[in-house]
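Note that the structure is a prediction, hence the values are computed from the model and not measured. The chains referred to below are lettered A, B, ... by the order of the sequence lines, with proteins before strands, and numbering in each begins at 1.
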Amino acid sequence: NLSDRLQGVFKKLRGQARLTESNISDALREVRIALLEADVNFRVVKQFINRVSERSVGADVLKSLTPGQQVIKIVHQELINLMGRTAEPLTRAPAPPTVYMLVGLQGSGKTTSCGKLARMIAGEKRKTLLVAADIYRPAAIDQLKTIGKQVGVEVYAPGAEYDPVDICRDAVSKGKAELFDTVILDTAGRLHIDTALMDELKNIRKAVNPQEILLVADAMTGQDAVNIAMTFNTDLDISGVILTKLDGDARGGAALSIKSATGKPVKLVGMGEKLTPLEPFHPDRMASRILG
Amino acid sequence: LSGHQTINEDVLDEIEELMILSDLGVETTRIIIDGLREKLARKELHDAEIVRNYIRSEIERILAGHTAQLVRDKSVRPWIIMIVGVNGVGKTTTIAKIARRYREEGCSVLLAAGDTFRAGAIEQLKEWGRRLEVDVIAHDEGADPSAVAWDAVAAAKSRDADILIIDTAGRLHTKTNLMEELKKVQRVIGKNMTGAPHEILLVLDATTGQNAVLQAREFCQTVDVSGICLTKLDGTAKGGIIVSVVQELNIPIKLIGIGERMDDLRDFVAESFSRALFD
Ligand SMILES: Nc1nc2c(ncn2[C@@H]2O[C@H](COP(=O)(O)OP(=O)(O)OP(=O)(O)O)[C@@H](O)[C@H]2O)c(=O)[nH]1
Ligand SMILES: Nc1nc2c(ncn2[C@@H]2O[C@H](COP(=O)(O)OP(=O)(O)OP(=O)(O)O)[C@@H](O)[C@H]2O)c(=O)[nH]1
Ligand SMILES: [Mg+2]
Ligand SMILES: [Mg+2]
């Protein structure tokens, strides 16, 4: 792993009291490889390594650490700084209902995450409504209806013959009229380059003014994470990210790429297929995971 | 990389960036760049255009050696295909596409709703069955997937189907119990028909990064994967990870998914894939 590799790099530099440009360039090469292997975007890695290099050169090696450990410490701190020192929670609307809109690529885990979110919020005794706005995927509406039953939350699903923008608008009106605390919109998966479908999302946003637009992203996403996140952010001004399938062994470099490219925080993470609550994002745990 | 720019470190950096951005991975990129440096030292490559062609042909060569078509032995009936992969990669949709292809050839196709876990999974495959006008063997949600597989093989035999395609639930390769379940499904299929399943397709998502290699390793250890389908190539991800996957696991890439409709399936072609990598 990275710490072993860095120990190796610094073995030849015993007794160095200070980090110099030359003694850290090998170390930074190892860090760069580790980040790329973790799927952090190439350009994000470049910027990150430059920043670490600036912070490292001239730094004192603390008495208790080896130079390798010192570099790791700086890298770790920089990663945490980049990803946000503390988890940012979901916000609520000043007046109910709070509308959460989940968006993202095909198969990223939106529908499942809607269910998990509904369970969390309903669990706080807040009346929650799930909205089946995916009219394209075969049995998407059935999927959400089943999930609604499993988490004990009502599902608004007029059917695939309706326009998703109207479905969302009507759902929020229902939410207001029937005193729901939260309305969760499950949208269809789509490519960020599909302008017609991205327009649909823009229209939903215009129609219902969501409190949060959450990009649901798969933790195993590779270099493309930046393209996806930047387009969704440019088109919708997302408020945060839900990173799914973190119960696997993907290093999750996409988290760093997305935060770095959009400035938007990962707020919650999906840790399984079952409809257990989403977990808060821990920047420090993510940093360790990415570094491997 | 502009046409006839002379080769220097900046150009090599640019090339490395293109390769990493296409998810080729650190190791594959390093090997190709090292090969490139050797050729440069021997003055065998003069400008960026030639370099670009060299890399493209290198990748094409690797992939061409690991490409195969989806074929079936027509004398073996039912020809049984099992579909596996992690969550959300496009298994169920790929089954619909493969079924459609065989329907176009005039084959009788039967589907098995082997995902008995996920909400709406059985209904999703049944809906595809309706659109394709093929039958779907299904139990209730929560049933034993091996029982569904067994019944599906029996049904395919008794109905004299040409093709049986068995869907399985998405599962992360790190979940030992779920991987054991998959092993059992393969075993049970083989118990009801010697030699079956005749094809086990691993579905990988083109937007996946280095984790695809870990997925492929585990799935190949668990069941006898005979081919790969790489989906979602209609996005902006290049799917370069497939190069490491086929080299390391020595399984052929057979199909690609280029969309969500039943006709969005193509044979994998090394030449067009390598060309698209650096577009
Ligand atoms: N292991 C694991 N699986 C997950 C997680 N979140 C979702 N899944 C699974 O990922 C697959 C896709 O989930 P969906 O919720 O259908 O994804 P989606 O984004 O709604 O898909 P589309 O609507 O087709 O775009 C399913 O098999 C889910 O069970 C997670 O955190 N961990
Ligand atoms: N753009 C695009 N989307 C695809 C492709 N293949 C599948 N999808 C979409 O990806 C999403 C997931 O597809 P599924 O077929 O449900 O994936 P799965 O692997 O069966 O998912 P689980 O059973 O939940 O593990 C759906 O929205 C599909 O329409 C493809 O080639 N391109
Ligand atoms: Mg969905
Ligand atoms: Mg499926």
Side-chain angles (χ1 to χ4, degrees), chain A residues 32-34 36-43 45-46 105-112 115 136-150 188-194 218-228 231 244-245 247-254 272-275, chain B residues 13 16-27 29-30 86-93 96 117-128 130-131 141 169-175 178 205-212 214-215 218 231-232 234-241 259-260:
Chain A
R32 179 173 176 272
I33 291 172
L36 290 175
E37 286 175 344
D39 292 321
V40 182
N41 183 272
F42 185 92
R43 292 167 189 155
V45 172
K46 209 170 196 173
L105 253 57
Q106 293 91 344
S108 60
K110 297 174 292 300
T111 304
T112 308
Y136 311 104
R137 168 173 156 153
I141 297 176
D142 287 283
Q143 184 183 7
L144 194 67
K145 280 183 175 169
T146 300
I147 286 173
K149 282 205 199 77
Q150 288 169 347
R190 67 206 63 213
L191 295 178
H192 51 297
I193 50 173
D194 186 328
D218 196 322
M220 58 187 188
T221 309
Q223 297 288 311
D224 205 38
V226 166
N227 298 328
I228 299 164
T231 306
T244 61
K245 308 179 201 172
D247 45 318
D249 57 2
R251 298 261 289 274
E273 295 184 71
K274 304 233 167 81
L275 297 171
Chain B
D13 284 350
E16 185 198 27
E17 176 168 350
L18 267 178
M19 293 173 73
I20 298 279
L21 285 178
S22 68
D23 283 313
L24 274 169
V26 173
E27 195 51 20
T29 300
R30 188 191 61 77
V86 303
N87 309 72
V89 294
K91 298 178 291 303
T92 306
T93 310
F117 169 76
R118 205 207 69 215
I122 295 171
E123 192 47 38
Q124 183 184 6
L125 193 65
K126 281 184 173 174
E127 173 56 29
W128 277 118
R130 277 190 287 275
R131 295 183 191 187
E141 205 171 286
R171 68 205 64 220
L172 294 184
H173 52 290
T174 47
K175 314 233 159 147
L178 296 182
D205 184 330
T207 59
T208 304
Q210 300 306 304
N211 197 249
L214 300 183
Q215 294 172 24
E218 270 325 298
T231 60
K232 308 184 195 172
D234 47 317
T236 51
K238 300 291 184 164
I241 194 60
E260 301 188 72

Ile141(A) versus chain B, heavy atoms under 4.5 Å apart: side chain, backbone, both or neither? neither

When rounded to the nearest 0.5 angstrom, what distance separates CG in Asn87(B) from OG1 in Thr244(A)? 9.0 Å

Does some side-chain heavy atom of Ile20(B) sit less than 4.5 Å from a side-chain heavy atom of Asn41(A)? no

Heavy-atom distances under 4.5 Å only: say whether Ile33(A) touches chain B with side chain, backbone, both or neither. both

Picking from Lys274(A), Glu273(A), Lys46(A), which has the most non-hydrogen pairs under 4.5 angstrom with chain B? Glu273(A)

If you take all heavy atoms of Lys232(B) and Gly107(A), which pair is closest and at what distance? NZ-CA, 4.2 Å

Among Asp234(B), Thr207(B), Thr236(B), which residue satisfies the side chain to side chain contact (heavy atoms under 4.5 Å, CB included) criterion with Leu191(A)? Asp234(B)

Side-chain contact, heavy-atom cut-off 4.5 Å: Thr93(B) with Arg137(A)? no

What closest approach, in Å, do Asp224(A) and Ala237(B) show between heavy atoms, and which atom pair accounts for it? OD2-N, 3.3 Å

Going by heavy atoms in the side chains, are Glu123(B) and Gln143(A) under 4.5 Å from each other? no

Taking all non-hydrogen atoms of both residues into account, name the closest pair between Gly120(B) and Ala139(A) and its distance. O-CB, 3.9 Å

Taking side chain as C-beta onward, heavy atoms only, is Asp142(A) less than 4.5 Å from Lys126(B)? no

Taking Asp249(A) for its side chain and Asn211(B) for its backbone only, find out whether a donor-acceptor pair lies under 3.5 Å. no

Kindly give the heavy-atom pair with the smallest separation between Arg131(B) and Pro138(A), and that separation in Å. NH2-CG, 3.8 Å

Under 4.5 Å heavy-atom distance to chain A, tell me which part of Arg130(B) shows up: side chain, backbone, both or neither. neither

Measure Leu178(B) against the heavy atoms of chain A and call it side chain, backbone, both or neither at under 4.5 Å. side chain

Is Glu141(B) salt-bridged to Lys149(A), cutoff N-O under 4.0 Å? no

With a 4.5 Å cut-off on heavy-atom pairs, point out which of Glu37(A), Arg251(A), Gln106(A) contacts chain B the most. Gln106(A)

Please look at Glu27(B) and chain A and tell me whether the side chain, the backbone, both or neither of the residue comes under 4.5 angstrom of a heavy atom of that chain. neither

Nearest 0.5 Å, please: how far is CZ in Phe42(A) from CG in Leu18(B)? 9.0 Å

Look at the side chain of Asp23(B) and the backbone N and O of Gln223(A), then say whether any donor-acceptor pair between them is shorter than 3.5 Å. yes

With a 4.5 angstrom heavy-atom cut-off, could you sort out which part of Leu214(B) is near chain A: side chain, backbone, both or neither? side chain

Under 4.5 Å from any heavy atom of chain A - which part of Arg30(B): neither

Check whether Asp194(A) gets within reach of chain B through its side chain, its backbone, both or neither, counting any heavy atom under 4.5 Å. neither

Could you check whether Arg43(A) pairs with Glu17(B) (Lys NZ or Arg NE/NH1/NH2 to Asp/Glu carboxylate O, under 4.0 Å)? yes

